[in-house]
Engineer: 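Structure below; questions to follow.
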2 protein chains.
Amino acid sequence: MAQKRTAGATPPPQAEAYLQIGEVAERTGVTQRTLRFYEEKGLLKPPSRLEGGFRLYSEDDVKRVEQIKRLQTLLGFTLADIKEMVEAEALKMQLHAEYRKDAEISERRAKIAKAIEVTERQVAVVDQKLASLGDMKASLEQKLSTYRGWVAQLDEKAAAGSQ
Amino acid sequence: MAQKRTAGATPPPQAEAYLQIGEVAERTGVTQRTLRFYEEKGLLKPPSRLEGGFRLYSEDDVKRVEQIKRLQTLLGFTLADIKEMVEAEALKMQLHAEYRKDAEISERRAKIAKAIEVTERQVAVVDQKLASLGDMKASLEQKLSTYRGWVAQLDEKAAAGSQ
DNA sequence: AATAACCTTGACGTACGCGTTAGATTCTGG
DNA sequence: CCAGAATCTAACGCGTACGTCAAGGTTATT
């Protein structure tokens, strides 16, 4: 066979735009181990595979990895937290898929209500962090202005001494 | 001896306002183990002791523990990061103590410059986190409004169906 | 002086988030 | 068709941030 073929079990959407794990690792700055680890932990959906078993990632997968990294390193969420958020996202997709089908309306209501609840909790957490960070920034700038005041005083003394 | 006496090696400032580790733990919500751990790691200065070896903490120590916890749990800094910040704070105190003494002016300048540099880096980090959190909040609220739109649509259908 | 309540220093255990081989398999270029 | 690069699974290792005994010593109370 001259062409790469994809596994029958989990074919990629249908386009040519796939990425192997090495490329994803390079583009996202995480290691291959980390990508497999996220998959194990349910943070990334099991990607499609080549016949031989090589993972094939989509651009969406890349975006999700970047999202995970931001949540983790910049905002200090645990992977468990992030998994919850990812699952909420999956739920949203599920809702979207059901949107045009004739599912039970009350059931749809319940799911949406749940999604709203989860999201509102997330907003509350983010608000708390924003407030804390704001306080912190204020106190840091307070410190900076104190330091700069000291430098100014030293400058004055130096000027007075040299006259 | 009818009165508790403090150890000669490291007497507390001089007042009666001291706290044993259990009280500090209770007031800050961390465990005693955590307080000793922070001390081991240099995040808390070794507190004074009673003759028998019991740790005696000050109100300032309590505040520092609370600060550490905020930095850690809300903002996601590692203890190593926090140690750096605490040391910067110690440097500030050192500067303040030297402030009225006749230390070398150029040396003082250098120390202040260093403190400013460290603090500015911290501000930059905080700004990045603020920006990320802002983005995140916006996208969460975007999601919320999408969900609420869905609910509204369901409401419409229900109203139409019941007429 | 006995006893409870609190504290001490080890020292080993644990959960999280990956790092690091190891050995086999698969893919790509010549 | 085969060398060499990329990937696979499995499994043990490691740094961080503590938890959890264990075996005592100290302080307060009676």
Side-chain angles (χ1 to χ4, degrees), chain A residues 1-7 9-10 12 16 18-44 46-57 61 65 68-84 86, chain B residues 1-7 9-10 12 16 18-44 46-57 61 65 68-84 86:
Chain A
M1 282 188 192
Q3 273 279 57
K4 266 196 235 175
R5 280 289 37 223
T6 58
T10 52
E16 313 294 308
Y18 57 81
L19 296 146
Q20 288 189 198
I21 196 168
E23 282 216 52
V24 176
E26 207 176 329
R27 287 181 45 178
T28 59
V30 307
T31 66
Q32 303 184 9
R33 175 70 174 94
T34 297
L35 292 170
R36 298 192 189 103
F37 181 72
Y38 287 172
E39 186 182 336
E40 276 178 33
K41 291 293 173 177
L43 288 164
L44 290 175
S48 53
R49 306 269 189 141
L50 284 176
E51 280 186 7
F54 285 23
R55 287 171 178 80
L56 291 180
Y57 293 95
D61 290 329
V65 172
I68 291 170
K69 270 313 184 187
R70 276 208 315 279
L71 289 171
Q72 194 195 5
T73 69
L74 272 72
L75 307 182
F77 289 107
T78 69
L79 291 190
D81 292 339
I82 298 172
K83 188 183 176 186
E84 256 196 77
V86 166
Chain B
M1 283 189 189
Q3 273 279 55
K4 267 196 234 172
R5 281 289 37 229
T6 57
T10 52
E16 312 296 305
Y18 58 81
L19 296 146
Q20 286 189 199
I21 196 168
E23 282 217 50
V24 176
E26 206 174 331
R27 287 181 46 179
T28 59
V30 306
T31 66
Q32 303 184 9
R33 174 71 175 96
T34 298
L35 292 171
R36 297 190 189 104
F37 181 72
Y38 287 173
E39 185 182 336
E40 276 177 35
K41 291 293 174 177
L43 288 163
L44 289 176
S48 52
R49 306 270 189 142
L50 282 176
E51 281 186 8
F54 286 24
R55 286 173 179 78
L56 291 181
Y57 293 95
D61 290 329
V65 173
I68 291 170
K69 270 312 184 187
R70 277 210 313 280
L71 289 171
Q72 195 196 3
T73 69
L74 272 72
L75 306 182
F77 289 107
T78 69
L79 291 190
D81 292 339
I82 298 172
K83 187 182 176 186
E84 256 197 77
V86 166

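Chain letters run A, B, ... following the sequence lines, proteins first and then strands; every chain starts at 1. The structure displayed is predicted, hence computed values, not measured ones.
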Engineer: When the distance from CG of A/Leu35 to P of C/dG17 is rounded to whole Å, what number comes out?
Structural biologist: 15 Å
Engineer: Whole angstrom is fine here: how far is it from CD1 in A/Ile21 over to C1' in D/dC8?
Structural biologist: 9 Å
Engineer: Restricting both atoms to N or O, compile the protein contacts to nucleotides 3-5 of chain D shorter than 3.5 Å, with distance only.
Structural biologist:
none

Engineer: Send over the distance from A/Leu19 CG to D/dT7 P, rounded to a whole Å.
Structural biologist: 11 Å
Engineer: Return the minimal non-hydrogen interatomic distance between B/Leu44 and B/Ile68, and the atom names on each side.
Structural biologist: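 In terms of heavy atoms, the two residues are closest at CD2-CD1, 4.3 Å.
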Engineer: In whole angstroms, how far is the P atom of D/dT7 from the CD atom of A/Glu51?
Structural biologist: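 Taking atom P of D/dT7 as the reference, CD of A/Glu51 is at 18 Å.
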Engineer: How many Å lie between CD on B/Gln32 and P on D/dT26, as a whole number?
Structural biologist: 17 Å
Engineer: Whole-Å distance between D/dA6 P and A/Leu56 CG?
Structural biologist: 16 Å
Engineer: So do A/Gln72 and A/Ile82 actually touch side chain to side chain, heavy atoms under 4.5 Å?
Structural biologist: yes
Engineer: By nearest atom, which of the nucleotides D/dC8, D/dA6, D/dG19 is closest to the A/Gln20 side chain?
Structural biologist: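 It is D/dA6.
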Engineer: What's the CG-P distance between A/Leu50 and D/dA6, to the nearest Å?
Structural biologist: 15 Å
Engineer: Quick check: closest heavy atoms across A/Gln32 and A/Gly22, and the distance to 0.1 Å?
Structural biologist: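 Answer, listing the atom of A/Gln32 first, then A/Gly22: NE2-CA, 3.6 Å.
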Engineer: So, for B/Gln20 and B/Leu50, which heavy atoms are closest and what is the spacing to 0.1 Å?
Structural biologist: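 Shortest heavy-atom separation between B/Gln20 and B/Leu50 comes out as OE1-CD1, 4.1 Å.
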Engineer: Any side-chain N or O of A/Arg33 less than 4.0 Å from the OP1 or OP2 oxygen of C/dT20?
Structural biologist: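 No, no such contact exists.
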Engineer: Under the 3.5 angstrom rule, does the side chain of A/Thr28 hit a backbone N or O of A/Val65 as a donor-acceptor pair?
Structural biologist: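 Looks like no, no N/O pair under 3.5 Å.
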Engineer: Please determine, for the side chain of B/Phe54, which listed nucleotide (C/dT9, D/dT26, D/dC18) has the closest atom?
Structural biologist: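 Nearest to the side-chain atoms of B/Phe54, counting from C-beta on, is D/dT26.
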Engineer: Taking OP1 and OP2 of D/dG19, is either one under 4.0 Å from a side-chain nitrogen or oxygen of B/Thr34?
Structural biologist: yes
Engineer: Looking at B/Thr73 and B/Lys69, would you say the former's side chain and the latter's main chain have a donor-acceptor pair under 3.5 Å?
Structural biologist: yes
Engineer: How many whole angstroms separate atom OH of A/Tyr18 from atom P of D/dT7?
Structural biologist: 12 Å
Engineer: Which part of the nucleic acid, if any, lies within reach of A/Arg36 when heavy atoms closer than 4.0 Å are counted: base, sugar-phosphate only, or nothing?
Structural biologist: base
Engineer: Show the nearest heavy-atom pair for residues A/Asp61 and A/Tyr57, with the distance to one decimal.
Structural biologist: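 It is OD2-CA, 3.5 Å.
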Engineer: Pick out the pairs of N or O atoms, protein on one side and nucleotides 15-17 of chain D on the other, that lie under 3.5 Å.
Structural biologist:
residue: D/dA17; atom: OP1; partner: B/Leu79; partner atom: N; Å: 2.9

Engineer: Can we say A/Glu39 and A/Arg49 salt-bridge, meaning some charged N sits less than 4.0 Å from an Asp/Glu carboxylate O?
Structural biologist: yes
Engineer: Just wondering, do B/Ile21 and B/Leu56 contact through their side chains at under 4.5 Å, heavy atoms?
Structural biologist: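 When only atoms from C-beta onward are counted, B/Ile21 and B/Leu56 do not touch, as no gap falls below 4.5 Å.
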